[in-house]
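Positions are given from 1, in the same order as the sequence printed here.
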Amino acid sequence: MAGYMASLGHNLEAAQTIFHRDRFEQDESVPPNDDLMYLLKERKWLNGNFYADDGKGYGYDELGHAFEAAALGHPYDQPELGLHRNPASVNVATQLISVVGDNSGILADKHGLSDSLARVGAGNIDNLDWATANHGDAESGAKTRDAAFGALGSSDISVANETAKNFLSAVGRDDGGYQILSAAQHDFTTNVLKAHPNADDSLTLALGTGAETQGILDEARSDAIMSDANDSKEEKARKLSEAGEWQKYRTSTGISTVTSLVTVPFEAARATPFVTPFVDAATGAIDTQTGINIDREIEKQQKEFDAKVDADAHNMQKKFVEASQRRSVNPLDAYIAAHPGLDDRLGTTRPASASRLATSVAWGMPS
């Protein structure tokens, strides 16, 4: 089976055909594809290679590669071909996010699968943010969500609020999944800033949702680390410190905010394993120099954050989450730094946490 999945990982058309389920994304009563459910939930995967490291003998890596090809629209090992979201890829991506989000614990002991699912989530981070911001799955507020994250069309996934958050939490428990989704969320929030030259309700929503999403990932990863009974306190502290350094993942894969500037064409911005979607706001993109200033400010604040994580590692989970939530406000501070006149409207008080950022009306009102 692992060999078959490996072949599908190189043949996106075949993978999309095998995992397709007619009308799944349009009709909530339609169940997921039988083969997808069997492979992801029901099949008992046996270790086919006891000499393989890190549980790679079970074939979860190969299964993930097949999912990547189907859901991202390119062979898993050729990300330079770019992300191609279309109805066929969205059908599979919607199934994967729904099954993982609606089945608690489904990824337990499936080592190697979370990385691939995180890439699927990263390629649809705009849609996941749209759903995360849609508290109560209400129709009200849709225009603001559309302005913040892009309107949903035939090449977009649409899932319930809890499904999106549960997916992020499930995939974020794994180290690789946490790094990938954290980097994707950071890039997307930065891109939203660059697409909004004027502060408005949609920008406030995007910043708050970005902080909320990062909070979900932080809680999931730190809980996974702290609940591992096999690790010593020192080992847990080390893992927490490493988790706080996900920015290094972006650097090692060639990802930077520069590669995903709003001025870069949509397809060209996806020449890396995942470069997150950006919003083409109706208000138009900010000028290039302001975008560069935002990049520089975020880089400066990230260096300060890295030092803080190292210093706080010994305080374990609480300090990790607190430090990471301070980082989630960095895009807001970078935006303010690039728009000096805006600071007077905000006053001297900054949102100190994700919850305050998500609930305060940041522009010109008390936080």
Side-chain angles (χ1 to χ4, degrees), residues 5-6 8-16 18-21 24-25 32-33 35-37 39-41 60-79 81-103 106-107 110-132 149 152 155-160 163-185 187-188 213 216-217 220 249 253 255 270 272-277:
M5 292 297 106
L8 290 179
H10 293 97
N11 190 330
L12 63 100
E13 291 87 0
Q16 289 173 345
I18 287 173
F19 296 132
H20 183 81
R21 171 65 81 188
F24 179 84
E25 62 272 43
N33 173 279
D35 291 333
L36 184 148
M37 282 297 289
L39 294 168
L40 185 56
K41 184 179 180 181
Y60 295 128
D61 281 281
E62 289 79 4
L63 175 61
H65 295 163
F67 287 155
E68 284 186 59
L72 298 177
H74 62 70
Y76 85 92
D77 58 351
Q78 292 183 276
L81 297 180
L83 170 64
H84 298 283
R85 285 189 350 195
N86 54 47
S89 67
V90 164
N91 179 276
V92 178
T94 305
Q95 292 184 70
L96 291 171
I97 290 170
S98 297
V99 171
V100 172
D102 296 339
N103 291 271
I106 194 173
L107 298 182
K110 291 183 173 66
H111 186 80
L113 186 55
S114 290
D115 284 14
S116 291
L117 292 172
R119 292 188 182 95
V120 172
N124 296 277
I125 195 68
D126 54 336
N127 298 159
L128 287 173
D129 275 11
W130 200 103
T132 300
F149 312 115
L152 301 181
S155 295
D156 295 280
I157 64 169
S158 178
V159 296
T163 298
K165 292 192 290 188
N166 290 343
F167 172 83
L168 292 167
S169 181
V171 178
R173 291 183 65 84
D174 177 78
D175 180 46
Y178 173 80
Q179 292 187 48
I180 291 170
L181 287 172
S182 292
Q185 183 59 63
D187 271 9
F188 180 65
T213 298
I216 293 170
L217 296 170
Y249 178 87
T253 52
I255 297 170
R270 292 193 159 89
T272 51
F274 65 90
V275 171
T276 55

**Report entry** L72 and R119, any side-chain heavy atoms less than 4.5 Å apart
**Finding:** yes

Report task. Determine yes or no for a side-chain-to-main-chain donor-acceptor pair under 3.5 angstrom, with N127 supplying the side chain and L152 the backbone. Result -> no

Requested in this report: May I ask you to decide if G123's main-chain N or O and R85's side chain share a donor-acceptor pair within less than 3.5 Å?
Outcome: yes

**Report entry** Heavy-atom donor-acceptor pair, S169 side chain to K165 backbone, under 3.5 Å
**Finding:** no

Query raised in the report: Just wondering, do L113 and L40 contact through their side chains at under 4.5 Å, heavy atoms?
Result: yes

Query raised in the report: Backbone N or O of N33 within a donor-acceptor pair of the Q95 side chain at under 3.5 Å?
Result: yes

Query raised in the report: Atom CG of L117 and atom CD1 of I180: how far apart are they, to the nearest 0.5 Å?
Result: 10.0 Å

Requested in this report: Could you check if a side-chain atom of F19 sits within less than 4.5 angstrom of a side-chain atom of L39, using non-hydrogen atoms only?
Outcome: yes

Query raised in the report: Do we see a donor-acceptor contact under 3.5 Å between the side chains of N91 and Q16?
Result: no

Report summary line: Hits for side chain to side chain contact (heavy atoms under 4.5 Å, CB included) against A93, two or more places apart or cross-chain, chain-then-number order -> A71, V120, N124, I157

Query raised in the report: CD1/I125 to CZ/F149 distance, rounded to the nearest 0.5 angstrom?
Result: 10.0 Å

Requested in this report: Taking the side chain as every heavy atom from C-beta outward, state whether Y76 and H10 have any atom pair closer than 4.5 Å.
Outcome: yes

**Report entry** Straight-line distance of E25 CD to T94 OG1, nearest 0.5 Å
**Finding:** 5.5 Å

Query - Residues D115, Q179; criterion side-chain hydrogen bond (donor to acceptor under 3.5 Å, both in side chains); working and verdict - result: CA-CA 9 Å; D115 284 14; Q179 292 187 48; over 6 Å; no

Query raised in the report: When rounded to the nearest 0.5 angstrom, what distance separates CD in Q185 from CG in D126?
Result: 10.0 Å

Query - Pairing residues for E13 by the side chain to side chain contact (heavy atoms under 4.5 Å, CB included) criterion, not counting sequence neighbours - result: N11

Report task. Please examine the side chains of L168 and L128, heavy atoms only from C-beta on, and report whether any two atoms are closer than 4.5 Å. Result -> yes

Requested in this report: Measure the OG1-CZ distance between T132 and F167 for me, rounded to the nearest 0.5 Å.
Outcome: 10.5 Å

Query raised in the report: Rounded to the nearest 0.5 Å, how far does NE2 of H74 lie from NE2 of H84?
Result: 7.5 Å

